[in-house]
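Report on one structure; see the data block that follows.
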Amino acid sequence: MMPQPTPANWLAILFLGLIWGGTFMVVEVALAGGYGPVTIACARVSLGAAAMLVLMAVLRRPFPSAAVVASVWPYLLGIGIFSSALPFFLFSWGQQYVPSAFAGLSTTAVPLFVLPLAHVFSDEPMSLRKSLGTVLGFVGAMVLIGPGLANIGQGAEPLGQVACLGAALCYAAGSIMTRRCPAIDPVTLGALTLAVGAACLIPAMLLVEGLPGWNGPLAGGAIVFLGLFPTALAALLRIAIIRSAGSLFMSLVSYQITLWTMFFGWLVLSETLPGRFYVALPLVLIGLAITQSDSLRRMFRHAPR
């Protein structure tokens, strides 16, 4: 039976879009407060891992057996790297040189990256319609970063743009790995993959940027927020939404993040956005809507009236 979204599901997914959309603004605050990109990524994933491990203990979720770990460890490693450690670092590094709104817009490319990867590595073949939507989405991405690509080697901004899109590609790869991962409790999976991300980033942080200190309530609070809300709490909300309303309903969040990011960047950070942002955004969203048109029709057909 098709899961029926409840009013609580609608509120939860709006809240999730708000949390993830505000993440990039908070990263800007942490960067301005003197934290380096590796430290920001490391603190985020480490605090998230700690919160999820505490949740495992509170919910009395058993640690998987040695046999289960042996069967899923390649997925734990891949998901930990490509869904947390690497994209968190790439976004933090890229945001030193690009507006937070650019980083937020980059996330809309995730479903477009997923489609060809799923065609090759998973069980979701592409169709003509999905191919058309993917091409249109990539046109939007090129409108966004095209002028900067011509200037690579003449400054850091083009490299920051490439880093943000690289983070979106990492999320897409992590999504495919998550889909292919053998069955395991989602809370346990979230805790273990975040722990893997922390294990990767802690040595890198100590080597590159050293042991961080407390840089005041604003920057320090931003670090704590990143670990607890867009990482740990968001993971819990995502699990709850998918279990209650289905993964199809969950896909709505992709359409919100950029809008919230651009709004917060304009309202809080006084970011000025170039005209190509407003050309690229509809191209990416239209491409996304074309690729997901069947899913969206089914979703709104079952939405509460």
Side-chain angles (χ1 to χ4, degrees), residues 18-52 80-81 83-107 148 152 154-168 170-171 194-235 257-258 260-274:
L18 176 64
I19 290 174
W20 279 341
T23 296
F24 302 99
M25 175 191 67
V26 179
V27 168
E28 293 280 357
V29 172
L31 287 168
Y35 289 110
V38 184
T39 298
I40 293 171
C42 180
R44 178 178 177 180
V45 73
S46 299
L47 287 171
M52 291 293 284
I81 293 173
S83 290
S84 58
L86 191 52
F88 289 176
F89 164 69
L90 288 173
F91 271 130
S92 297
W93 187 87
Q95 280 188 245
Q96 295 177 108
Y97 310 109
V98 300
S100 65
F102 184 100
L105 182 52
S106 299
T107 64
I152 285 182
Q154 303 178 22
E157 182 177 357
L159 296 177
Q161 295 172 352
V162 172
C164 290
L165 287 175
C170 288
Y171 280 138
L194 285 173
V196 168
C200 294
L201 285 172
I202 289 173
M205 177 192 70
L206 294 175
L207 181 64
V208 176
E209 295 174 358
L211 190 66
W214 181 256
N215 290 0
L218 186 61
I223 290 286
V224 174
F225 175 91
L226 288 170
L228 297 182
F229 289 93
T231 307
L233 177 60
I257 295 174
T258 299
W260 282 115
T261 304
M262 294 177 71
F263 174 74
F264 284 128
W266 167 76
L267 180 67
V268 179
L269 303 176
S270 302
E271 293 181 346
T272 301
L273 304 177

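What you see is a predicted model; the values in this text were computed from it and never measured.
Once rounded to the nearest 0.5 Å, the distance linking CG of Leu86 with OH of Tyr171 reads 10.0 Å. Atoms CG and OG1, on Leu18 and Thr261 in that order, are 10.0 Å from each other to the nearest 0.5 Å. For the atom pair Ser84 OG and Phe89 CZ, the distance stands at 14.0 Å (nearest 0.5 Å).
Between Arg44 and Thr23, the closest side-chain pair of non-hydrogen atoms falls below 4.5 Å. When side chains are defined from C-beta on, Val98 counts as touching Glu157, because their heavy atoms get closer than 4.5 Å. Taking the side chain as every heavy atom from C-beta outward, Phe264 and Val26 never approach each other to under 4.5 Å. Residues Leu47 and Thr231 are not in side-chain contact: their nearest non-hydrogen atoms beyond the backbone lie 4.5 Å or more apart.
Heavy atoms only, all atoms of each residue included: Pro99 and Glu28 are closest at C-OE2, 3.9 Å. Closest approach of Ser92 and Ala41 over heavy atoms only: OG-N, 4.2 Å. When all heavy atoms are compared, the tightest approach of Ala163 to Leu90 is O-CB, 3.5 Å.
In this structure, the side chain of Gln95 engages the main chain of Phe24 through a donor-acceptor pair within 3.5 Å. Checking side-chain atoms of Trp20 against main-chain N and O of Pro230 turns up a donor-acceptor pair under 3.5 Å.
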Subject >> Residue pair Ile223, Ile40: steps toward the side-chain contact (heavy atoms from CB on, under 4.5 Å) verdict >> reply: CA-CA 6 Å; Ile223 290 286; Ile40 293 171; 3.9 Å; yes
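The stretch residues 29-51 participates, sequence neighbours left out, in no ring pair (Phe, Tyr, Trp, His ring centres under 6.0 Å) pair at all.
Open room surrounds CZ on Phe229; 12 or fewer heavy atoms of other groups in view lie less than 6.0 Å from it.
Screening Cys170, Ser106, Pro37 against Phe91 for a side-chain contact (heavy atoms from CB on, under 4.5 Å) leaves a single residue, Ser106.
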Atom pairs and distances, donor-acceptor, side-chain atoms in residues 197-210, under 3.5 Å, two or more places apart:
from   : atom 1 : to    : atom 2 : distance (Å)
Glu209 : OE1    : Thr39 : N      : 2.8
Glu209 : OE1    : Thr39 : OG1    : 2.5
Glu209 : OE2    : Val38 : N      : 3.2

